[in-house]
Colleague: 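The structure's right below; bear with me while I get my questions together.
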Amino acid sequence: MSGPDAAPIDYKALVQDDRIHACLYTDPRVFADEMERIFHRGWVFVGHESEIPRPGDYVTRHVGTEPVIMVRGSDGTVAVLINRCQHRGTMVCPADRGQARTLTCPYHGWTYDLGGALLGVPYPGGYASLDKSANGLARAPRVSSYRGFVWASLSAQGITLAEHLGPATQLIDRSCDLSPVGEVELTAGWVRHRCAANWKMLPENDSDGYHLGFVHMALFRTIRSQYQRVVGDEKTIKAVVRDWGQGHIEIDWSPGYQGLFEWLGNASGPAVADFVAALERRDGPSIARQRFREGPAHALIFPNLFLGETNIAIVQPVSVEECVHWHTPMFWKGVPEWNGRLLRMAEAGMGPASFLMPDDLVIAGRNQLGLHARTAPWLLLGRGLDRETVDAHGRTVSHVTDETTNRGFWRHFRTVMTAT
Amino acid sequence: MPSETEYRAVADFLYREARLADEARYAEWLALWTEDGVYWVPATTDPGADPERHLSHIYDNRARIETRVKLLQTGVRYSQEPPSLMRRLISNIEVTEADGGELAAESNFILAELAVQARRELHWWAGRLSHRLRRVDGHLKMCRKTVVLVNAAEPLPNLAFLI
């Protein structure tokens with residue numbers, strides 16, 4: 001399966017309905033294919049418009065392994081520029097974020113406007129003719145957003161963002177509609193957590209309801225949390241997993257929630273009353289109460305955006321055995337009095353010093369080590385195949401501990417990796 | 001200016017705290033805190049960081065410090081099971097008198113951590129420590145500990161041990 005003359009990888013053989021092959025996590029050629037087919041041709045989440053509110057605000061990110069700048073132009077539109085000077089390839093913006101009127105490369109002073117157009121080069125006499133219009137910063141040919149969430153595709157052709165998201169926009173709505181003004185703000189800064197495993201472990205684990213009672217046993221033994229109800233008897237667990245298609249997959253805890261705000265640590269008090277009143281005014285009492293009972297989405301938007309309940313997370317592939325998990329709390333615009341609590345929940349759940357994620361990532365690291373055992377190369381993916389059902393909207397639904405989500409992820413992976 | 005004796009007592013406290021953290025002696029480490037302790041590890045080196053507006057790695061009140069310790073004591077906190085092998089050096093200690101008879105200690109640290117839980121990597125950590133210490137029943141205790149890692153804003157591996 002290796003060497004420069006090897007045949008193209010047969011993804012149909014490696015991704016089967018009830019099992020997948022370990023080389024999908026360990027073969028650098030698979031990683032290279034993913035960077036092309038998923039992260040270059042497809043739609044990749046980059047950031048949120050609230051991170052760059054003013055013209056000239058920018059953040060630096062990666063689309064796959066390509067460094068990019070998400071910048072708000074002087075006309076207010078958001079562009080995703082490739083963070084590489086057209087002249088000698090220098091990274092133009094090294095900082096995580098900043099504010100600029102123009103973007104200047106430090107190497108030879110080439111200067112670009114906020115849309116990436118080349119404004120000027122020092123000592124222009126050295127060029128008999130330099131076509132400035134052909135030498136701007138490269139930019140993502142397609143940038144699109146939904147409710148402030150910004151995606152880029154590095155390919156000029158392909159399905160639209162709306163086609164990629166499909167009905168999974170409802171998952172984003174579920175999170176955003178908790179804000180009285182329907183907007184979320186990602187302004188708390190990001191924490192990045194290094195993971196010594198293939199990037200696909202993170203979307204798979206983020207949507208795996210089976211591991212909670214085991215990987216997070218320490219937490220369940222220590223404090224009560226909203227996840228307590230999914231570690232009991234198999235028959236009494238009401239939460240479900242759901243496959244929305246196109247690789248978008250969800251754990252829905254809400255069938256197990258009885259009261260409001262169970263997902264928010266059973267919050268109570270005046271701030272809750274104001275929050276409820278604000279949403280009731282907008283949506284009426286019935287819908288408002290439903291929103292507060294269900295809480296925000298717990299879902300993976302293929303391939304790299306995780307709606308982690310009150311957090312937003314990004315999966316950044318680095319190499320075949322290395323990735324980074326980003327997270328930030330999701331602030332609801334209009335109710336800033338919740339920000340402090342949302343910060344503390346983010347620190348409890350995600351990040352290198354939190355009470356959940358370090359345990360996930362150490363297990364991911366052990367998975368990565370185990371997957372090098374070539375005598376036993378298959379991973380089982382069949383849990384729940386015999387009890388899942390299809391709902392009225394065509395979504396496959398099953399018990400929260402079933403691998404319906406993993407199968408949804410891999411089915412879409414196979415489609416993308418074998419598309420002609 | 002604190003006296004030589006006070007300086008010595010603060011240095012001894014810092015060394016002892018470091019040793020208890022290194023050796024995963026969780027209950028003894030917890031006993032070094034006052035009842036109103038605040039444990040802060042910002043996710044930035046920016047001195048203007050505000051834990052009420054910006055995400056931190058750790059911003060624990062006393063109850064959460066206890067939860068952190070209890071998790072480690074379960075024996076199934078997999079990110080620290082088995083515990084990392086660690087040794088840290090504390091240096092450049094400066095002590096000043098603070099309000100309310102408390103003492104403020106600033107120091108630098110460097111920590112070698114062998115993360116034995118998966119890939120068995122050696123991680124080097126370094127940063128600035130700020131301790132606020134108070135005498136309780138004749139013993140120094142910490143009411144605030146802030147750890148500003150030099151790489152606070154970078155992607156970090158697991159930080160589930162006591163930093």
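Each chain gets a letter, A, B and so on, in the order its sequence line appears, and its residues count up from 1. Hydrogens, waters and symmetry mates are skipped; everything else that's a heavy atom, side chains included, is used. If you're wondering where the values come from, they're calculated on a predicted model, not measured in any experiment.
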Colleague: Got B:Thr67 and A:Phe355 here, is their nearest side-chain heavy-atom distance under 4.5 Å?
Modeller: yes
Colleague: Where do A:Asp359 and B:Tyr78 come nearest, in terms of heavy atoms and distance?
Modeller: OD1-N, 3.2 Å
Colleague: Provide the full list of ring-ring contact (aromatic ring centres under 6.0 Å, His included) pairs with a residue in residues 102-134 of chain B, sequence neighbours left out, each pair given once.
Modeller: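 Listed by first then second residue: B:Trp125-B:Phe161.
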Colleague: Mind checking side chain to side chain donor-acceptor pair (under 3.5 Å) for B:Arg64 and listing every partner two or more places apart, or none if nothing turns up?
Modeller: none
Colleague: For B:Arg77 and A:Ser354, which heavy atoms make the closest approach, and how far apart are they?
Modeller: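 Result for this residue pair: NH2-O, 2.7 Å.
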Colleague: Other residues, nucleotides and ligands only: do more than 12 of their heavy atoms fall within 6.0 Å of CD on A:Glu337?
Modeller: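 Yes - once you tally the heavy atoms of other residues, nucleotides and ligands closer than 6.0 Å, there are more than 12.
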Colleague: Which atoms of B:Glu154 are under 4.5 Å from chain A, going by heavy atoms: the side chain, the backbone, both sets, or neither?
Modeller: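 When you check distances to chain A, atoms from both the backbone and side chain of B:Glu154 fall under 4.5 Å.
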Colleague: Given that the side chain runs from C-beta out, which part of A:Ala348 has a heavy atom under 4.5 Å from chain B: side chain, backbone, both or neither?
Modeller: both
Colleague: Does any N or O in the side chain of A:Arg344 come within less than 3.5 Å of the main-chain N or O of B:Asp60, such that one atom is a donor and the other an acceptor?
Modeller: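 Side chain of A:Arg344 to backbone of B:Asp60: no pair is present.
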Colleague: Taking 4.5 Å as the heavy-atom cut-off, does anything in residues 320-335 of chain A contact chain B, and if so which residues?
Modeller: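 Contacts with chain B: A:Glu321, A:Glu322, A:Val324, A:His327, A:Thr328, A:Pro329, A:Phe331.
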Colleague: Does B:His57 reach the side chain of A:Val191, with side-chain heavy atoms less than 4.5 Å apart?
Modeller: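 Yes; the side chains approach each other to less than 4.5 Å.
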Colleague: Counting only heavy atoms closer than 4.5 Å, note whether B:Arg119 contacts chain A via side chain, backbone, both or neither.
Modeller: both
Colleague: What salt bridge (charged side-chain N to carboxylate O under 4.0 Å, His left out) pairs are there with at least one residue in residues 104-117 of chain B, not counting sequence neighbours?
Modeller: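 Non-adjacent pairs meeting salt bridge (charged side-chain N to carboxylate O under 4.0 Å, His left out): B:Glu106-B:Arg128.
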